[in-house]
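A quick write-up on the structure given underneath.
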Amino acid sequence: MSAMMQPQIILLKEGTDTSQGRAQVVSNISACTAVADTVRTTLGPRGMDKLIHDDKGTTISNDGATIMRILDIVHPAAKILVDIAKSQDSEVGDGTTTVVLLAAEFMKEAKPYVEDGVHPHSLIRSYRTAGNMAIQRVKELAVSIEGKSLEEKKSLLAKCAATTLSSKLIGGEKDFFASMVVDAVLAIGHDDRLNLIGIKKVPGGTMRDSFLVSGVAFKKTFSYAGFEQQPKKFLNPKILLLNIELELKSEKENAEIRLSDPLQYQSIVDAEWNIIYDKLDKCVKSGAKIVLSRLAIGDLATQYFADRDIFCAGRVTEEDLQRVSSATGGTVQTSVNNVIDEVLGTCEVFEEKQVGNERFNIFSGCPSGQTATIVLRGGADQFIEEAERSLHDAIMIVRRAVKNSTVVPGGGAIDMEISKYLRQHARTIAGKSQFFVNSFAKALEVIPRQLCDNAGFDATDVLNKLRQKHASGDGANYGVDVNTGGIADAFANFVWEPAVVKINAINAATEAACLILSVDETVKNPKSESAQGDAAAMGGRGGGATRGRGGRGMRRR
C-alpha cells in the first residue's frame, strides 16, 4: 500500500515529449521508409526526375543526394538517411539513391521481427556480420583494370562514366560526355583536388556544343575603358598573377592632411599617381603579356596596359586564379617588386573567344597541364544545372576508378550475387540469426527490383530469371536489361561501376540501419519543439517524414 502512495518522480521538464519502446523503433522505420519512397523512382537508367520548388527556385534532379539535401526532412531518425546520402556523395560521388534504398529496405525487413518481440541487438549483430560478408564478397568478385595500356584504360573508364550517366538527364549523350569526363580526370593526373576540374555553364546551343578545354577557361571579367584596345590572342605569353589592386584609391573619409601652402596639395596628388604608375611600370618590365589579378584593375591600368599591347583582367575569382596558377606554373604575387621569371606562368595559346552570349578567356596548351575545364551548353538553366550535377557524379566515379582500379558489374548483378551468397551462408547458421541474414540477403534484391519497376517491367518475373541464372553458378555477372525487360550479362554489356561504390553503399546502409534499430527512445525538449514550430512537432511524432521548404506537407505513401 505504501508503495502505491509514493509521489511521482519528475525528471524532465513539463511538456517534454518522450516516445519509447518497440512502437518507437517501428515508428522510426516507417519514417525512413517514407523518405526512401521519395527517391525510389529515381534509380537507374529509366528513373524519373523530381521537380522541387523552394524559396531558392526550381530544381529538377534525379540525384539522390541533391533531392535529400533540398527536401526539408524534420523527422530525427529519417535525417540519418540524409547524412548517409551526403557521406556517399562526398566519399564516392555516386550511388546516393542506392544507399538510401538499401538502408530503408534493411529496416523494412527487420520491422516484422521487431513487432514480434525480437530484441533489436540480435538483428544488429546479424546485420553487421552479413554486411561484412557482403563487402568481402564484393572484393572477391571485383575485376582489376590495372596494368592496361592508356588507350584500353581510357576505354574502360569511359564505360564506368557512361554507366553513371545513363541514369541522368544527359543520358542520351552519355558517350559524348563520358569521353570528355575521362579526358578531364586524366588531365589533372594524380592530384586529388576536385576544383582543378572547372565546369562553366553557358545557356544556349545544344548539349553537343559543350567542349573540353585542356587548360583553364573562365568568363570575361568586368572590364574598364580601354579593354577593347588590348590584344585578344597571344602565343607563348608570360602570365603574371597578382593579388593586389591596380587602381587609384581615394583616401579614407576620415583621413586628414594639414597644409601650410596650397601648392603642397599638388605634390600629394602627384605622389598618388607616381605610386600607381610605378606599380604598372614594374608589371610591364617583368615581360608579362597577360596580367590577372584577384582584385580590381581600374581604368588607368587597363588603358596603360592596352597602350603597351598587354592583356589584363581584374576581379578574377580565387578558384579560377588558382587553376591558372596550377596550369601555367605561375605563382600568385602580393607585390610587384622583384618580379622574376620564375614566378611567371606560360601557356601555348591564350585567346578570348565568344561562347554563346558570353566571352571566355581560354588558356590552352599549359605546361603542367594539371587542370581542365568543361564548358557546358544547353537550353534551360535547370537543365544545365542538372547536367553539371550529372558530370560531377561521373567525374567522381572516374577518379575513384583511377585510384582503386577495380570494377564490378552493375544493373543489379552484384546485388543478386551477394544475395545468393548470403542465402547459402544462412543455411549453415543455427538459430534465429539464420532468418536475419536471410532478410539482409532479401533486402539486397531491392536494387534489381526497383530497376525493373522504374523501367515498367514485371519485377517478379525478371527477379525469378535472375535468381535461377545466379543459382546455376555461371551467371554471376547477370543483371537487369532495361532495354528488353529480360536479363543480360552486365559485364559483357559494359555496365560497370567501381567496386568502392558498392562497398561504401553496403557499409553506410548497414551502419544506418543498425543505428536506427538501436534507438528505442526519443526525448524532445519543449523549448526546441516550440522553436521548430508545429510542423517539426508533427514530424517528430511520425506524422510526416518530409515536408517541402514551401511549407506544404508531403503525403506519405
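The basis for the numbers below is simple: all heavy atoms, side chains too, and nothing from hydrogens, waters or symmetry mates. When a residue number appears, it is its place in the shown sequence, counting from 1.
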Is F435 atom CZ crowded by more than 12 heavy atoms from other residues, nucleotides or ligands, each under 6.0 Å away?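 Not buried by this count: 12 neighbours or fewer within 6.0 Å.
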Counting N and O atoms only, with roles assigned by atom type, does the side chain of [X] sit under 3.5 Å from a partner on the main chain of [Y], one being a donor and the other an acceptor?
X	Y	value
Q434	I429	yes
N464	T460	yes
H470	Y478	yes
S122	V118	no
T33	I29	yes

Passes side-chain contact (heavy atoms from CB on, under 4.5 Å), K111 versus S30? Steps please. CA-CA 9 Å; K111 190 176 175 182; S30 301; 3.3 Å; yes
Could you check if a side-chain atom of [X] sits within less than 4.5 angstrom of a side-chain atom of [Y], using non-hydrogen atoms only?
X	Y	result
R449	E105	yes
T331	L241	no
R137	E417	yes
L212	V375	no
V316	F218	yes

Would you kindly check if the NZ (Lys) or CZ (Arg) of K353 is within the cone defined by 45 degrees around the ring axis of F360 and under 6.0 Å from the six-membered ring centre? no
With no hydrogens and no angle check, just 3.5 Å: does a side-chain donor-acceptor pair link [X] and [Y]?
X	Y	result
N454	Q450	yes
E318	Q322	yes
T96	Q88	no
K154	S179	no
S155	K159	yes
D393	S390	no

Which of these passes side-chain contact (heavy atoms from CB on, under 4.5 Å) with I197: T371, I395, L391?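 When side-chain contact (heavy atoms from CB on, under 4.5 Å) is applied between I197 and each of T371, I395, L391, only I395 qualifies.
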Which residues share a ring pair (Phe, Tyr, Trp, His ring centres under 6.0 Å) with Y113, sequence neighbours left out: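 Residues passing ring pair (Phe, Tyr, Trp, His ring centres under 6.0 Å) with Y113: F436.
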Does a salt bridge link [X] with [Y], judged by any charged N lying under 4.0 Å from a carboxylate O?
X	Y	answer
R40	D453	no
K200	D320	yes
R467	E445	yes
E358	K201	no

May I have the step-by-step check of side-chain contact (heavy atoms from CB on, under 4.5 Å) for M133 and Y421, ending in yes or no? CA-CA 9 Å; M133 288 184 69; Y421 173 69; 3.8 Å; yes
Evaluate side-chain contact (heavy atoms from CB on, under 4.5 Å) for I52 paired with T58, printing each intermediate quantity in order. CA-CA 6 Å; I52 303 163; T58 304; over 6 Å; no
